[in-house]
Amino acid sequence: AQRVTQPEKLLSVFKGAPVELKCNYSYSGSPELFWYVQYSRQRLQLLLRHISRESIKGFTADLNKGETSFHLKKPFAQEEDSAMYYCALLSGSARQLTFGSGTQLTVLP
Amino acid sequence: NAGVTQTPKFRVLKTGQSMTLLCAQDMNHEYMYWYRQDPGMGLRLIHYSVGEGTTAKGEVPDGYNVSRLKKQNFLLGLESAAPSQTSVYFCASSYFGTGNTGELFFGEGSRLTVL
């Protein structure tokens, strides 16, 4: 069965510092991975997907199949990046998402 | 364009009571999902539907039932609420077919407390 692991429940960094949110997955097929973000009092929304290899709000994530990882990175954190971040794996005939447990990122002034 | 709408947003129940959460989407999506969000456990899939009249079990289906009588609506029912069902419930939908990027569109959540 598929599994997504986010080892850090809480992560705090200072504004301007680099940030990396870790995500590891377990899946027998070819993975499709995503990062979703939930800002305070807002609904969960897509941040980025590995297939598009894009940078959104300065965040990037590279799929490393050898290490089965999909870590989210940003070189210079901003206070508005404070949010809950979920790594997710797409699978199944209904293309459902399996989520990690989430990392609460706090960017300190 | 409202997207995905959930009602009610808040509800307090006593153990043993029943209730239904309604999810409505106006994007003509085929796929719909119900997740629950618990601290330290992320979002876990309860039930899902790939189209009108079809439903299937997810990771944590026990104690819940669902129905998809209309394409735009996906109902989640609790027949006999238990304190373990205290959670925030999220509905989501997605598009089927070519062009499906895998993105799910979420509702704002429904916070349920079972006393």
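Between A:K65 and A:P31 the shortest side-chain heavy-atom distance falls below 4.5 Å. B:M32 places a side-chain heavy atom less than 4.5 Å from the side chain of B:Q25. Residues A:F76 and A:P18 fail the side-chain proximity criterion, which asks for heavy atoms closer than 4.5 Å. Inter-residue side-chain proximity for B:E108 and B:Q6 is flagged as unmet; no heavy-atom pair is nearer than 4.5 Å. Within the 4.5 Å cutoff, the side chain of B:L115 has no heavy atoms near those of the B:T15 side chain.
In terms of modelled atom types and a separation under 3.5 Å, the side chain of B:R11 and the main chain of B:M19 share no donor-acceptor contact. Remark: the backbone N or O of B:L104 is paired with a side-chain donor or acceptor of A:Y36 at under 3.5 angstrom. With hydrogens and angles disregarded, a donor-acceptor distance shorter than 3.5 Å links the side chain of B:D26 to the backbone of B:G3.
Inspection of non-hydrogen atoms places no residue of residues 68-75 of chain A under 4.5 Å from chain B. Residues of residues 66-93 of chain B having a heavy atom under 4.5 Å from any heavy atom of chain A, listed by number: B:F90. Among the residues in residues 97-105 of chain A, those with a non-hydrogen atom closer than 4.5 angstrom to a non-hydrogen atom of chain B are A:L97, A:F99, A:G100, A:S101. Along residues 40-51 of chain B, the residues that come nearer than 4.5 angstrom to chain A, judged on non-hydrogen atoms, are B:G40, B:M41, B:G42, B:L43, B:L45, B:Y48, B:V50 in order of number.
The OG1 atom of B:T20 lies 7.0 Å from the CG atom of B:N65; values are rounded to the nearest 0.5 Å. Separating the CZ atom in A:R3 from the OH atom in A:Y25 is a distance of 14.0 Å, to the nearest 0.5 Å. Considering CD of A:E80 and NZ of A:K57, their distance stands at 8.5 Å, rounded to 0.5 Å. Annotation: the span from B:L13 atom CG to B:L112 atom CG amounts to 5.0 Å, rounded to 0.5 Å.
Note: B:Y33 and B:Y31 have perpendicular aromatic rings, judged against thresholds of 30 and 60 degrees for the angle between ring planes. Ring geometry, A:Y85 versus A:W35: the interplanar angle exceeds 60°, so the pair is classed perpendicular (tilted spans 30 to 60°).
The environment of OH in A:Y39 is crowded: more than 12 heavy-atom neighbours from other residues, nucleotides or ligands sit within 6.0 Å. Crowding of A:E67 atom CD: a count of heavy atoms from other residues, nucleotides or ligands under 6.0 Å not exceeding 12.
If you tally non-hydrogen atom pairs under 4.5 Å between each of A:Q42, A:Q96, A:K9 and chain B, the highest count goes to A:Q96.
Of the two parts of B:Q37, only the side chain, counted from C-beta on, holds a non-hydrogen atom closer than 4.5 Å to a non-hydrogen atom of chain A. Contact annotation for B:F105: neither backbone nor side-chain heavy atoms come within less than 4.5 Å of a heavy atom of chain A.
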Determine, stepwise, if the pair A:V107 / A:Q78 fulfils side chain to side chain contact (heavy atoms under 4.5 Å, CB included).
CA-CA 6 Å; A:V107 181; A:Q78 302 299 314; 5.7 Å; no
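Salt bridge present: B:E103 and A:R49 bring a charged side-chain N and a carboxylate O closer than 4.0 Å.
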